There are 2 protein chains.
Amino acid sequence: MLSQKSTIRQERCSRLLAALWYCAHMTASRTARERVRAELTREITDIARRRLATEGAGGLSLRAVAREMGMVSSAIYRYFPSRDDLLTTLIIDGYNALGEAVEQAEAAAPRADHLGRWLAACHGVRDWAVAHPHEYALIYGSPVPGYQAPQDTIPARVRDLTVLAGIIRDAWQAGAVRAPETEAPEELEPDAAALRELMPGVPDAVIWRAVTAWTAMYGWVNFEVFGQFDNTIEHRRTAFGHSMLTMAETMGLAQ
Amino acid sequence: MLSQKSTIRQERCSRLLAALWYCAHMTASRTARERVRAELTREITDIARRRLATEGAGGLSLRAVAREMGMVSSAIYRYFPSRDDLLTTLIIDGYNALGEAVEQAEAAAPRADHLGRWLAACHGVRDWAVAHPHEYALIYGSPVPGYQAPQDTIPARVRDLTVLAGIIRDAWQAGAVRAPETEAPEELEPDAAALRELMPGVPDAVIWRAVTAWTAMYGWVNFEVFGQFDNTIEHRRTAFGHSMLTMAETMGLAQ
DNA sequence: TCTTTTGAGAGAGCATTGCTCTCCTAAGTG
DNA sequence: CACTTAGGAGAGCAATGCTCTCTCAAAAGA
């Protein structure tokens with residue numbers, strides 16, 4: 001009994017050492033094995049993403065992915081410890097894809113045209129969401145599994161928010177924002193801290209209007225992607241643009 | 001072979017006749033059997049709703065409900081032909097519960113205080129959603145199963161929208177709405193038809209602002225319920241109220 | 001009151017899922 | 001060249017949705 005325990009501990013210890021050694025040399029040596037592993041990992045996520053786009057998050061099954069790869073299902077677990085980990089990877093990828101779409105859309109507008117940048121960013125979000133409804137549902141819909149680890153997703157999920165903050169910051173510094181007459185309740189003063197860092201110098205009243213516009217935009221996109229506008233609104237892109245123009249006015253973005 | 005087929009057809013025919021007879025007499029006779037059936041159906045949905053509240057939509061299993069009822073799983077199928085049908089029932093119930101919460105919240109405000117009615121309705125939605133996050137996710141989150149039948153849900157899902165439309169209609173008739181300067185694009189003219197019926201006399205420009213406010217409200221609630229505000233905004237009810245006040249201003253609702 | 005119909009629970013069974021084992025081979029390492 | 005180890009194969013476990021058949025008691029009809 002004791003010797004068995006000792007053996008186990010020894011084994012675990014040697015594994016730990018091996019893992020440490022592996023970590024220390026990982027960056028230096030790009031062995032063929034590591035390359036094929038990275039390649040297979042990418043192939044798994046690609047297939048999973050494709051299946052996600054057709055079946056939806058609920059229908060994504062590890063076994064189906066394995067089958068499509070010509071692998072046996074247990075082999076997948078060498079690459080992803082669980083189905084939720086695969087989903088988390090897909091979520092992070094989704095955040096990055098959306099963030100990139102927004103960044104590119106916004107970057108296409110002239111820097112001084114703050115209203116144009118806002119509208120471009122909004123359409124960037126909407127167009128991507130409409131084109132990738134299931135991926136969008138994964139990142140901005142109801143949380144699917146028990147609960148995905150939010151820690152890993154933080155760096156990727158703020159990319160779109162950063163774009164908005166940049167627009168508001170630039171517009172404010174350029175004097176292109178009319179400050180609202182009404183102030184935000186003092187109670188909210190500490191809550192704006194994180195946002196204040198993204199938009200230095202911008203008064204809280206403007207920040208809160210930006211938050212309102214932000215949630216309004218995602219509210220619209222949610223409604224549209226999740227089918228709430230079916231059989232009601234046909235010209236959705238136009239209606240969305242008009243709605244976002246209204247929100248620009250609410251934010252005090254000068255025409 | 002032929003006789004077997006004929007027997008089957010005969011059997012099916014007699015079943016059909018029995019079903020027709022049953023339908024014809026259903027309303028008149030409330031037998032004990034029907035009462036216990038209704039009672040058990042209600043018990044199933046109650047347990048399902050409770051499990052939904054703790055496990056979420058993904059973790060709702062027919063077998064678990066059956067186990068909790070002391071039934072064998074196959075017996076559940078006498079009451080609901082599939083898991084999706086149970087979910088659809090829950091969705092309709094959710095729409096009705098939310099609709100009722102909104103109606104009650106809005107009814108508590110003085111009729112002439114249109115801004116107060118708007119804010120009350122908004123808080124009605126938010127408070128219910130925060131109190132029943134999984135049910136809210138079921139009705140306003142990403143569509144969970146393959147696709148639920150939207151036809152059955154239509155009567156229940158417009159209750160909240162009707163409340164909003166009533167506020168705007170009353171406010172407009174009372175002259176308490178400032179019409180916006182900018183008009184909506186003509187392209188959207190046909191899309192407002194359904195909404196125009198709910199708010200007779202209200203100009204399209206105001207209707208579209210109401211839609212924007214509506215989506216903004218649900219956008220905020222989505223963000224809050226789905227955890228997008230975690231570790232950022234603490235005083236969420238206050239922030240939500242301020243945001244909805246901003247949207248009232250956007251709609252032109254006079255203070 | 002007695003026979004017949006029928007609604008509905010029990011139980012076995014099927015295909016599928018996520019995940020965990022143990023084996024075993026071939027690629028990479030000293 | 002010996003040997004370590006990453007990783008694929010396959011069986012297996014528990015759970016799921018759903019479909020059968022069997023059976024019995026309650027309701028209906030005479």
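Numbered from 1 within each chain, the chains take letters A, B, ... in sequence-line order. Since this is a predicted model, take the numbers as computed values, not measurements.
- OP1 or OP2 of dG11(C) has not a single side-chain nitrogen or oxygen of S74(B) nearer than 4.0 Å.
- A close approach under 4.0 Å does occur between a side-chain nitrogen or oxygen of R67(A) and OP1 or OP2 of dT17(C).
- A close approach under 4.0 Å does not occur between any side-chain nitrogen or oxygen of R37(A) and OP1 or OP2 of dG8(D).
- Map S73(A) and R78(A) each onto its nearest nucleotide of DNA chain D; the residue landing nearer the 5' end is R78(A).
- Of the charged side-chain nitrogens involved, at least one lies within less than 4.0 Å of a carboxylate oxygen, so that D230(B) and R236(B) count as a salt-bridged pair.
- Comparing dG9(C), dG11(C), dA27(D) by their nearest atom to the side chain of M71(B) picks out dG9(C).
- Regarding R83(B), its CZ atom lies at a distance of 15 Å from the P atom of dT17(C), rounded to whole Å.
- Computed from coordinates, the I76(B) CD1 to dT19(D) P distance equals 14 Å when rounded to whole Å.
- Regarding M69(A), its CE atom lies at a distance of 15 Å from the C1' atom of dA9(D), rounded to whole Å.
- Between R237(A) and D127(A) there is a salt bridge, with a side-chain nitrogen of the basic residue lying less than 4.0 Å from a carboxylate oxygen of the acidic one.
- Aromatic rings from F229(A) and W220(A) are positioned such that their centres are separated by under 6.0 Å.
- A121(A) and I167(A) get closest at one heavy-atom pair: CB-CD1, 4.2 Å.
- In this structure, the OH atom of Y77(A) is 17 Å from the C1' atom of dT22(C), given to the nearest Å.
- Checked against dA10(C), dC18(D), dC19(C), the side chain of S82(A) finds its nearest nucleotide in dC19(C).
- Among dT6(C), dG7(D), dT20(C), the nucleotide with an atom closest to any side-chain atom of R33(B) is dT6(C).
- In this structure, L86(B) atom CG and dT16(D) atom P are separated by 14 Å, rounded to whole Å.
- Centroid-to-centroid, the aromatic rings of F226(B) and Y140(A) stay 6.0 Å apart or farther.
- Taking atom CG of D85(A) as the reference point, atom P of dT20(C) lies 11 Å away to the nearest angstrom.
- Separating the CZ atom of R63(A) from the P atom of dA15(D) is a distance of 16 Å, rounded to the nearest angstrom.
- Contact between the side-chain N/O atoms of Y79(A) and the OP1/OP2 oxygens of dA6(D) is not found at any separation under 4.0 Å.
- For L60(B) and dG17(D), the CG to C1' distance is 12 Å, given to the nearest whole Å.
- Nearest to the side chain of L62(B), among dT16(D), dC18(D), dA10(C), sits dC18(D).
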